[in-house]
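Computed from heavy atoms alone, side chains included, the values below leave out hydrogens, waters and symmetry copies. Just so we're on the same page: letters track the sequence lines, and every chain starts at 1.
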Amino acid sequence: MNWNLRRTAVLLATTTAMLAAAPAWAQKVLQLPIRTDGPKSLDPVVGSTTYDNMACAQMYETLLVYKYSDPYTLEPLLLAEMPTSEDNGKTWRFRLKDGVFFHDDECFPGGKGRQVVTEDVFYSLKRIFDKNNELKNEWLLKDTIEGLDKYAAEQNAAIDAGGDFDYDGQVSGFRKIDDYEFEIVLQQPVYRFLYVLAMFQTSIVPREAVEYYGDRFAFNPVGTGPFVLDEWIPKKSLTADANPNYHEVLYPAEDEWSRDDRRNRLHRAAGQAVPFVDRIEFTMFVEDQPMWLRFQSGDIGLTQVPAEYFEQAFDGRTKRLLPETRQRGVRHEIVPLLDFIFRGFNMEDELLGGYTPEKRALRQAIHLAIDLDEFSETFYQGNTIQYDGPIPPRLQGHPEGGDGPVSYRGPNLQLARQKLAEAGYPDGEGLPPIKFYTSRGGNNAEQVEMMKRQLAEVNINLQPELVDFSTLIEFTNNKKAPMFGFAWSSDYPDAENNLALFYSPNESPGSNHYNYKRPEFDALYEQILTMEPSPERTAIYEQMRDMVIEDTPYIGSMARTRYYLINEWLLNAKPTERYYSWFKFLDVDDSKR
Amino acid sequence: MWSYVVRRLLYNIPVYLGIILLVMASLRVNDPVTAFLGKNATEESYLAIQQNFGLDRPFIVQYFDRVWNIVTFDFSATSWEQKRPIGELVADAVPATAMITVPALVITAGISILIGLVCSFFRGRWIDKTLMLLAVLGMSISFLVYIIVGQYFFGYQFGGDGGILPFDIEGYDVRLSKLSFWLGSPFEAIGTWMRFCGLPVLISVIVAMGYDTRFYRAVMVEETGRDYITTARAKGATSTKIMFVHMLKNAMIPIITRVMISLPFLIVGSILLEVFFSIPGMGRTLIGAINAKDFPVVEYMSALFAAVVILTVILTDVLYAVVDPRVRLS
């Protein structure tokens, strides 16, 4: 072989190798963190955590979803248009979007995913009520759809008798018009119903997959989502490839974005079909340091800013990005959370509970001795909003400026002492130590010390019990914790979700861990359930809020503001924690890695 | 010897059953069901989960059911939290843990014995003092500090893609858990192992060496005063021969004890290392299960650990007899 021939052969071989490798180079891969050990299940019906949501939302889809440009407003996802009602919200009519197919999977004949039809919606909603699925999420639709509770009770009784849950059974509230149109009849108009249809637990799943995979369905997700699961290594990583048959979902139009968003060039992909990346890779981080270092290395696209690293990226006083961070092309987004962080009282506790003026005065005294601002500055870098009542900022019923007409937010030690005296414990005399249960995670040990010191200033002796989170839940669910530290993140952007925490039928083990019981409050809650947003409804929200503030079943409230950092190579990122199917809008620019 | 082994195994049956009973009873002091309820639990969901978990059955039924499954090696019970068969969880986690613990044990034991020999040979001289000072220093620093500093400098500053060190900040390649990967592409396997497991192993070795070196030095120092060493010297044996043939052989009993005690921990792994380096091993699985009140996983893993401890103790006795002909098993 002469020299030229050899050179040509080498060139050809190299070119062939490069061409063969080209698809791998061209592939756009998006790497993201999950800040815990990740999801517990990929079956939406048994999921309940943020991380279950984060994972499921890539593979599954709901009928409705929040807008990427405005995560407080719903829009159709698997529907052709928003559902309509002609009888004030009792009957809702739905039309499925044409051309939505399930992922290709061996559970389907020929391995080809079929189109989503009406029966899939009914089947998916029925699954929530199947006791084999642990009924974790039945509260979402309990007492909501006509005939569904009765049907579920019959089917679950059949399971107890050794039979099966018959998914072919009829539910009067599910009315099929044709394969793509249907109606859902509610027991009474319930405003939150549409929000529930945007929650990941109501994602649409194909019956074939559930039956084909059985117990392994949680590891073999088959949905309509923008990504198809490649591999899930629990507690380590989850990878998914772009769904080649994904239905047409377009990036929000330019005029939907605010001026700030446009400055961040979030409108650059307006009108384009998503997803933009070929593959998405999640890594679970139980500890913050490896996640932080991975972000600094540019290996992951974005990260929440852990409290202990805040001043490595931001000026602690001005909360602005440090110049050296900005120079690396990193930008940030501030995400206000619909948080209600509180320390609750068990209203059935002999010492702290009760509704007499003395009992109320004791709880108010404790509340008045606590300085939430000091907590915010010390433990949250001041990145929280303190407010009165249980309704977080941005929701109707939240008091203007955070200050309600009634307030026991401290520190007001003089008034605290006065209230203690009213409660029958002048200067704290005769007041037994108060047991306070909280989880031992994060900086809770330090927070408890601060709380102890603040209360000691009015001679209240706090006895903290730091337990693991599951024990904390056990103690609150069993009404064994006189006082407890918790937080509630709103499931949907309506204060009704927060006010439900004080509705007596929701008492422990339900979400009313305070075991707060006021018939007047319950009556108002039942009234607002059916009301559409209106000044009248907001007025009732405010009335309920002030009632709760006066009774003081908790010390609060705080809402966190989350800071996100975004590497230069990650495009279109506008993080939100309202929902998690927005990863499909993200894009990567590998030239900037 | 075999009759001794069989007898010891039989003696340990009640101990083993007692361990399982103790673990199951102590776990059930708390109610696990509430930990698995959703945000807005109802009485129905409580009962449904209790029934699904089999906790509605009497304790004694649960106990015998579990014991039967364990003694018949039936690991098909499902994790409450992860909804996976426990056999699968263990099969995934053990190799990942072993990727760290086995090399760490071998390297630590090898280096520590060598340093122990050197220190005892040069007892009281500068080399002994320096090595012991380093050992004490190594022991005095928290494991967590090694991890955080190691991860920052060796993984982030000098490691990663394009770094001068072959280590990554965190992660694990599941191919490492497969024998086919090691046999099929041994060089790639070693490189991958070095990338993800090299740093955790290095940290593990540094921390453990402090303790082990001091222990082995003490053992060796005791041996240097024995008559057989003087005899060997009188007969003109070289220092190397005295150290590596005579001393080492006679110090084998405490060495075996030390190494064998560590064996059960090869399976349990290091929780801190696995958490910080995102290694899906046994330590992380166990601590996750304890925190989540995932009783089946805790029970099976405790049973597995207890079995390994019992077998290790018996094996240690057998090894004593193998290395020291004066020991008779009876």
Among A/Lys236, A/Glu474, A/Glu287, A/Lys131, single out the residue with the greatest number of heavy-atom pairs under 4.5 Å to chain B. A/Glu474
Which atoms of A/Ser297 come close to chain B, meaning under 4.5 Å heavy atom to heavy atom: side chain ones, backbone ones, both, or neither? both
Counting only heavy atoms closer than 4.5 Å, note whether A/Ile233 contacts chain B via side chain, backbone, both or neither. side chain
Look at atom CG of B/Asp65 and say whether more than 12 heavy atoms of other residues, nucleotides or ligands are closer to it than 6.0 Å. yes
Okay, A/Asp37 and chain B: the region with an atom under 4.5 Å from a heavy atom over there is both
Distance under 6.0 Å and angle within 45° of the ring axis: does A/Lys126 meet both against A/Tyr151? yes
Would you mind checking which part of A/Gln296 comes under 4.5 Å of any heavy atom in chain B, side chain (CB onward), backbone (N, CA, C, O), both or neither? both
Under a 4.5 Å cutoff for heavy-atom pairs, which residue among A/Arg294, A/Glu231, A/Lys40 has the most contacts with chain B? A/Arg294
Just by distance, no angles: are the side chains of B/Tyr46 and B/Asp31 close enough, under 3.5 Å, to form a donor-acceptor pair? yes
Measure A/Thr471 against the heavy atoms of chain B and call it side chain, backbone, both or neither at under 4.5 Å. both
With a distance cut-off below 6.0 Å to the six-membered ring centre and an angular limit of 45° from the axis, does A/Arg216 pair with A/Phe219 as a cation-pi contact? yes
Contact part of A/Glu138 toward chain B, heavy-atom cut-off under 4.5 Å: side chain, backbone, both or neither? side chain
Do any of residues 51-62 of chain B come closer than 4.5 Å to chain A, heavy atom to heavy atom, and if so which ones, in number order? B/Gln51, B/Asn52, B/Phe53
Give me the ring orientation class for B/Phe295 and B/Trp80: parallel if the planes are under 30° apart, tilted from 30 to 60°, perpendicular past 60°. tilted
Based on non-hydrogen pairs under 4.5 Å, which of A/Leu293, A/Asp468, A/Ile473, A/Val286 is most in contact with chain B? A/Leu293
Engaged part of A/Asn512 at the chain B interface, taking heavy atoms whose separation is under 4.5 Å: neither
Considering the options A/Trp488, A/Phe486, A/Phe502, which one meets the ring pair (Phe, Tyr, Trp, His ring centres under 6.0 Å) requirement together with A/Tyr514? A/Phe502
